[in-house]
Enquirer: 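What follows is a structure written as C-alpha cells; I'll ask about it next.
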Amino acid sequence: MSAKILVVEDEAAISHLLDYNLTAEGYQVTVVEDGDDVVLAAIDTEPDLILLDWMLPNVSGIELCRQLRARTETHQTPIVMLTARGEEEDRLRGFEKGADDFVTKPFSMSELIARIKAVLRRTNPSIAGDVATFADITLDRETMRVKRGQRDIVLGPTEFRMLDVLLQRPGRVYSREQLLDRVWGHDIYVEARTVDVHVGRLRKALNRKNDRDPIRTVRSSGYALDETYSG
Ligand code: CA
C-alpha cells in the first residue's frame with residue numbers, strides 16, 4: 001500500500017520537483033499551491049502525510065499547521081514542514097503548532113525522502129508496519145510486543161500506546177494534554193492526572209530496581225523519553 005502525500009508549495013518549480021520525485025518513489029501525490037485550499041484538500045484526500053511549506057503567500061504554513069491540528073479529520077496527520085528558516089525558535093514554534101519534523105530549504109531530495117519515510121514509520125504503522133526502537137527498548141506494532149533488552153515487558157493497551165507515542169520522538173516533551181490527545185484520542189474526556197497514573201504504570205512495567213528510568217518528568221510541562229538514555 002503506497003502512502004498518500006499532500007504537497008503544499010506555492011513555488012511551481014519546487015512543487016513539480018516534489019511531485020515528480022515523490023511519485024517516482026511510489027507515493028500518491030496531490031499538490032496544492034494555494035494555502036486557502038489546504039484544509040479542504042487534506043480532508044478530501046486523507047493524506048498519510050502533509051508536506052507543508054512554511055512560506056506561503058496568503059496564509060503561513062505555521063497557521064495552516066495550527067488549523068490542520070484543530071480539525072478532527074486532520075488532527076493526527078503527520079506534517080513535515082519545509083522551511084527556509086533553520087532557527088531554533090521557529091522550529092520550537094512549529095513543534096508547538098504540531099509539526100512532526102522540519103526540512104530546511106534548500107534540501108536534497110534523498111534527505112527529504114528519508115525524513116518522510118522516518119515520519120511515516122513513526123506515525124503510520126499500518127503502512128510502515130514495523131518496530132520502533134530506542135536504546136534497549138523495542139516496541140513491535142504488529143505483534144504488540146515490547147522488550148527492554150532481552151526482557152519481555154507486559155503493558156496494558158494504554159501504556160502500550162503511550163510508549164508508542166513517546167518512542168515516536170525521543171527527547172520531545174509531551175504535555176499531559178498532548179498525551180491525552182494522542183493516547184486516548186481527543187473526543188474522550190479523561191482527567192489530566194490520569195496521564196500521571198498511566199505513566200506510573202508504564203514506568204513500573206519498564207523499570208526494575210536498578211534500571212535507569214528512560215522516562216523523564218519535566219516539571220509543570222509533561223513527559224519525554226530521556227534522549228540521553230542509552231540503555
Ligand atoms: Ca513558498
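First listed ligand is number 1; within each ligand, the first listed atom is number 1. No hydrogens, no waters, no symmetry mates; every other heavy atom, side chains included, goes into these values.
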Enquirer: May I have all residue pairs that pass ring-ring contact (aromatic ring centres under 6.0 Å, His included) and include part of residues 195-231, sequence neighbours excluded?
Expert: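 Of all non-adjacent pairs touching residues 195-231, those that pass ring-ring contact (aromatic ring centres under 6.0 Å, His included) are W184-H198.
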
Enquirer: Looking only at side chains, do R212 and N207 share a donor and an acceptor under 3.5 Å apart?
Expert: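 No donor-acceptor contact under 3.5 Å links the two side chains.
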
Enquirer: Given side chains that start at C-beta, do those of R93 and I62 come closer than 4.5 Å, heavy atoms only?
Expert: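 Side-chain contact under 4.5 Å: yes.
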
Enquirer: Quick one: name the protein N/O/S atoms under 3.0 Å from the Ca ion (ligand 1), chain by chain.
Expert: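 The answer is D10 OD1, E11 OE2, D53 OD2, M55 O.
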
Enquirer: Should D213 and R203 count as an ion pair when the cut-off is N to O under 4.0 Å?
Expert: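 Looking at D213 and R203, the cut-off is met.
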
Enquirer: Do P214 and D226 come close enough that some side-chain heavy atom pair is under 4.5 Å?
Expert: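 The answer is no, as the side chains (C-beta and beyond) never meet within the 4.5 Å cut-off.
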
Enquirer: Is the closest side-chain donor-acceptor distance between D19 and S15 under 3.5 Å?
Expert: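 The criterion, which ignores hydrogens and geometry beyond distance, is not satisfied for S15 and D19.
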
